[in-house]
Amino acid sequence: MTTPSDDTSAGRFEFWREAVGHSFVPLEALPREVPDFRASLHTAQLGAVQVSVVAADPHGVAHTRKHIASDPADFVKVSLQLAGRCMLTQADRQALLEPGELAIYDTRHPYTLDFDQPYRTLVLMFPRVLLRLPDRDLTRMIATTVSCGDGLGPVVHPFLYGLAGQVRQLDALGTQRLADSVVDLVGAMLSERCAVHVTKQDDGRELLARRILTYMEQRLSDPGLGPDRIAAAHHISRRFLYKLLAERGYTVSGWLRERRLAECLRDLADPALAHTPVATVGSRWGFPDPAHFSHAFRSAYGMSPSEARSQARGAGRTALGA
């Protein structure tokens, strides 16, 4: 999508305002004084991951409380600055992104993006549950500048830069495995950076909490996994298990349900599993009762598992927002 060449600068901005407001979560485009506004957006859909490359003249965007009230979408967005710069503001923080730097933001909360010069950026958007990053860690990382120059950055940056370069072909070339790789690489990088922010005082409890979450993650498909087994495996009381996870914003049952449903969502979006019965997908991830699976899935995503599969097939043919 490109702003029309046969319109005025003001007309092109109005076209852009309308397009941006429907291509991601609800957004308001904010004008800047520019002599001749032009912009373009290229989007591809990899399963549940939307990959977009935006290039535009200076302007701003805002995701407001009013937007959230009308459409409480639960996504995270990751922006990698390719050219120009961006000021991201969320949760009383500001992150100035220069080329080669990225940041994450959460659509459950208001944010603004301000571009004071022509820019180009890669934007990844996907359901928050796919990131597998505890809310406590996500809160630490929101609106912080993440350099791609050290740690896992030199591994992740070329991969994301390659996505940006191939965005026009991704609809045809993309697979669910590629979508999983995108989320997993970004999650690994953010987890690495988040660990730097954990104070020494928190190290022991933080390490134990991470071990517990890893243990639960590795056993998601076991419908018999519960608090007693988890606590016993880590030689702690059930009460301490509850307290440890509550400090990170979780309950045992809530975390397991959210992660299991996220894996079901991935499988339902995977073309390679298109002929696997919906009930089998649920059973594979700890929902042996099809009725319970359907009810839990609809409560989480506002649609039945079958509807989610149909929607994913449609998204595979047409880029989201295009």
Side-chain angles (χ1 to χ4, degrees), residues 24-26 45-50 63 65-77 105-110 125-139 176 179-180 183 187 212-213 215-230 238 241-242 245-270 273-274 276-316 320:
F24 300 98
V25 293
Q45 195 73 25
L46 303 179
V49 181
Q50 178 178 316
H63 181 57
R65 295 189 186 281
K66 184 177 179 181
H67 291 139
I68 295 167
S70 66
D71 184 4
D74 190 359
F75 293 97
V76 292
K77 296 173 75 175
Y105 37 116
D106 185 339
T107 67
R108 295 175 298 173
H109 307 290
M125 185 173 79
F126 48 86
R128 177 181 55 85
V129 294
L130 298 185
L131 189 58
R132 291 185 286 181
L133 193 68
D135 259 1
R136 180 174 169 176
D137 290 353
L138 179 60
T139 299
Q176 185 61 39
D180 293 345
V183 176
I212 290 171
L213 292 175
Y215 177 90
M216 293 163 65
E217 183 76 31
Q218 292 171 343
R219 292 160 179 80
L220 284 177
S221 61
D222 182 358
L225 183 65
D228 289 334
R229 189 191 302 180
I230 297 167
R238 182 169 171 167
L241 170 66
Y242 288 155
L245 293 190
E247 290 172 354
R248 286 146 186 84
Y250 299 128
T251 64
V252 174
S253 60
W255 189 93
L256 287 171
R257 182 174 58 253
E258 184 176 89
R259 285 294 308 121
R260 284 167 170 162
L261 288 172
E263 293 301 330
C264 291
L265 181 63
R266 283 191 182 194
D267 282 1
L268 291 168
D270 188 347
L273 300 175
T276 301
V278 166
T280 302
V281 172
S283 180
R284 175 182 293 167
W285 292 109
F287 294 101
D289 182 348
H292 176 237
F293 170 48
S294 182
H295 177 74
F297 194 94
R298 184 179 290 278
S299 296
Y301 299 116
M303 66 183 82
S304 70
S306 296
E307 289 168 342
R309 172 173 276 171
S310 297
Q311 186 178 91
R313 287 175 179 171
L320 185 66

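- Panel note: side chain Tyr250, backbone Leu256; no donor-acceptor pair is recorded below 3.5 Å.
- Considering all non-hydrogen atoms of both residues, Val252 and Pro227 come closest at CG1-CG, 4.1 Å.
- Side-chain contact check for Thr251 versus Tyr242: every heavy-atom pair is 4.5 Å or farther apart.
- With Arg260 contributing its side chain and Leu220 its backbone, the two residues share a donor-acceptor pair below 3.5 Å.
- In terms of heavy atoms, Thr107 sits closest to His63 at O-NE2, 3.0 Å.
- Atom-to-atom distance recorded for Trp255:CH2 and Arg248:CZ is 13.5 Å, nearest 0.5 angstrom.
- With contacts defined as side-chain heavy-atom distances shorter than 4.5 Å, the pair Leu261/Arg257 qualifies.
- Across all their heavy atoms, Leu265 and Pro127 have their closest contact at CD2-CG, 4.2 Å.
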Only distances under 3.5 Å count here; give the side-chain donor-acceptor pairs of residues 283-297 to other protein atoms, sequence neighbours excluded, each with its distance to 0.1 Å.
unit_1: Arg284; atom_1: NH1; unit_2: Asp267; atom_2: OD2; d: 3.4
unit_1: Trp285; atom_1: NE1; unit_2: Asp267; atom_2: OD2; d: 2.8
unit_1: Asp289; atom_1: OD1; unit_2: Ala291; atom_2: N; d: 3.0

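- One finds the NE2 atom of His109 at 6.5 Å from the OG1 atom of Thr139 (value rounded to the nearest 0.5 Å).
- To the nearest 0.5 angstrom, Arg229 atom CZ is 8.5 Å from Arg219 atom CZ.
- The two atoms that bring Pro26 and Asp71 nearest to each other are CD-OD2, 3.4 Å, heavy atoms only.
- Taking CD1 of Ile230 as the reference point, atom CE of Met216 lies at 4.5 Å (rounded to 0.5 Å).
- The side chain to side chain contact (heavy atoms under 4.5 Å, CB included) test applied to Pro110 returns Arg65, Ile68, not counting sequence neighbours.
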For this session: Test Val25 against His67 for side-chain contact (heavy atoms from CB on, under 4.5 Å), laying out the working first.
Result: CA-CA 8 Å; Val25 293; His67 291 139; over 6 Å; no
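- Considering all non-hydrogen atoms of both residues, Ala262 and Leu130 come closest at O-CD2, 3.7 Å.
- The CD atom of Glu258 sits 7.5 Å away from atom CG of Asp135, with the distance rounded to the nearest 0.5 Å.
- The line from CD of Gln50 to NZ of Lys77 is 8.0 Å long, rounded to the nearest 0.5 Å.
- Contacts of Asp180 classified as side chain to side chain donor-acceptor pair (under 3.5 Å), with partners at least two apart in sequence or in another chain: Gln176, Arg266.
- Summarising the geometry of Leu273 relative to Arg309, their closest heavy-atom pair is O-NH2, 3.0 Å, with the distance given to 0.1 Å.
- No side-chain heavy atom of Tyr301 sits under 4.5 Å from any side-chain heavy atom of Glu307.
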